[in-house]
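One structure is given here, and the rest of the page talks about it.
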There are 2 protein chains.
Amino acid sequence: MSVISHPADTPPPEPNPGVDTRFLESLIGYNARRAALAIIGHVLPRLEPWGLRVVDFTVLTLIAHNPGITSRQVCAALDILPPNLVGLVRGLEQRGWIERRDHPTDRRAQALYVTPRGAAVQAQAQALVSAVESSDVTHLDDVERTMLIRLLRKVYLGRNA
Amino acid sequence: MSVISHPADTPPPEPNPGVDTRFLESLIGYNARRAALAIIGHVLPRLEPWGLRVVDFTVLTLIAHNPGITSRQVCAALDILPPNLVGLVRGLEQRGWIERRDHPTDRRAQALYVTPRGAAVQAQAQALVSAVESSDVTHLDDVERTMLIRLLRKVYLGRNA
DNA sequence: TATTGTTATACTCTATAACTATA
DNA sequence: TATAGTTATAGAGTATAACAATA
């Protein structure tokens, strides 16, 4: 595919009058990707003031909502490979937003916690992300939004929507 | 975010029992991305026998459906940057699936066409992709599928669904 | 023997700058 | 002056192998 991301907030690709894209537009994968990139395109520049990328926000959020979570669990939840998480965690730690403590029962692992400052940043960013999703995507009413999420979950989970 | 792609057909990430991902799961962007990656994960290995990646298939399809289309138009339709398309077009050409001819009116541009072999490959691949989408994603009935696509288009186009 | 976190590294994907030949 | 296609290259993002410490 490719329907890509770009500099940050490039205008949405088409409509490209002369070109027939009907087959691609009949594919759920194509449309889901375009929708995801459109939303990320809106969220990205609004997180930039904090120096947060979407991944950073996602990891920070997961730690905020799951005090004491391990790196391994973050990796599993977000499907990030362990080597690629190392830098993300280090970045958040260096900015004083999270801290690592000894894991209570497993001395190999480390328990991750947000600091008070990290919690504040996360809360603001979360509010902002929620707002962007339900304002920029406000072409959808609540029923449609709920329906859309249910259908998407059905696609990637298979029935347990 | 990250909910990534992986080796090719890694099992879908979670469910990760202990971890609270409720906020992320309330986001359309998160769910759309997961759905897109799940589908791509199914399509990818099935295109591999032809040596086609998803981008290759998308470009080939666009040329097949739009004889005489220019590189610039392909870029605009798929939101690929021109430098990144060069290698894709060259690859398809070297395999004898597309050819470039002089553009009838603009001597800077070149018109792209599928060859008979290219058309055959594209038709098979298209049938396969359609089949994968409506079998692996068959958790959705036709009504749901139509609804899902309409809602996704509404997200990235804004009303003209 | 398997797992956690880590380093180092490779590979792919996406983006920028700059050039040529036309328009 | 602007656009189509191209080269070269830089930078993200994603993946693999291998190791020390612990389970």
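All chains are named by letter (A, B, ...) in the order of the sequence lines, taking the proteins before the strands, and each is independently numbered beginning at 1. Because the structure is a prediction, the values reported are computed rather than measured.
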Please check if the number of heavy atoms outside B/Arg95 that lie under 6.0 Å from its CZ is greater than 12.
yes
Side-chain atoms of B/Arg100 come closest, of C/dG5, D/dG5, C/dT16, to D/dG5
Between P on D/dA12 and CD on A/Glu48, what's the gap in Å once rounded to a whole number?
12 Å
Roughly, in whole Å, what's the span from CD in B/Gln73 to C1' in D/dG5?
14 Å
Nearest whole angstrom, please: distance from the C1' of C/dA8 to the CZ of A/Arg90.
12 Å
To the nearest Å, give me how far apart CZ (A/Arg33) and C1' (C/dC13) are.
10 Å
Under a 4.5 Å cut-off applied to non-hydrogen side-chain atoms, are B/Val129 and B/Thr61 in contact?
no
From the list D/dA4, C/dT6, C/dT16, which nucleotide is the closest neighbour of the side chain of A/Pro82?
C/dT6
Salt bridge check: are B/Arg34 and B/Glu25 linked by an N-O gap of less than 4.0 Å?
no
Take a 6.0 Å sphere around CZ of B/Arg46 and say whether it holds more than 12 heavy atoms from other residues, nucleotides or ligands.
no
Between P of D/dG13 and CG of B/Leu37, the distance in whole Å
14 Å
Taking the side chain of B/Ala109 as its heavy atoms from C-beta onward, which of D/dT6, C/dT14, D/dA4 lies nearest to it?
D/dA4
What string of B, S and - do you get for nucleotides 17-23 of chain D 5' to 3' if you count protein non-hydrogen atoms under 4.0 Å?
B---BBS
Tell me, which pairs form a salt bridge (Lys or Arg N to Asp or Glu O under 4.0 Å) where one or both residues lie in residues 108-125 of chain A, sequence neighbours left out?
A/Asp106-A/Arg108
Given atom CG of B/Asp102 and atom P of D/dA4, what is their separation to the nearest angstrom?
17 Å
Taking salt bridge (Lys or Arg N to Asp or Glu O under 4.0 Å) as the test, write out the residues that go with B/Arg145, two or more places apart.
B/Glu133
Starting at atom NE2 of B/His103, determine the distance to atom P of D/dG5, rounded to an integer number of angstrom.
9 Å
Taking CG from A/Asn84 and C1' from C/dC13, how many angstroms apart are they, rounded to a whole number?
14 Å
Evaluate side-chain contact (heavy atoms from CB on, under 4.5 Å) for A/Asn66 paired with A/Gln73, printing each intermediate quantity in order.
CA-CA 10 Å; A/Asn66 297 275; A/Gln73 288 177 299; over 6 Å; no
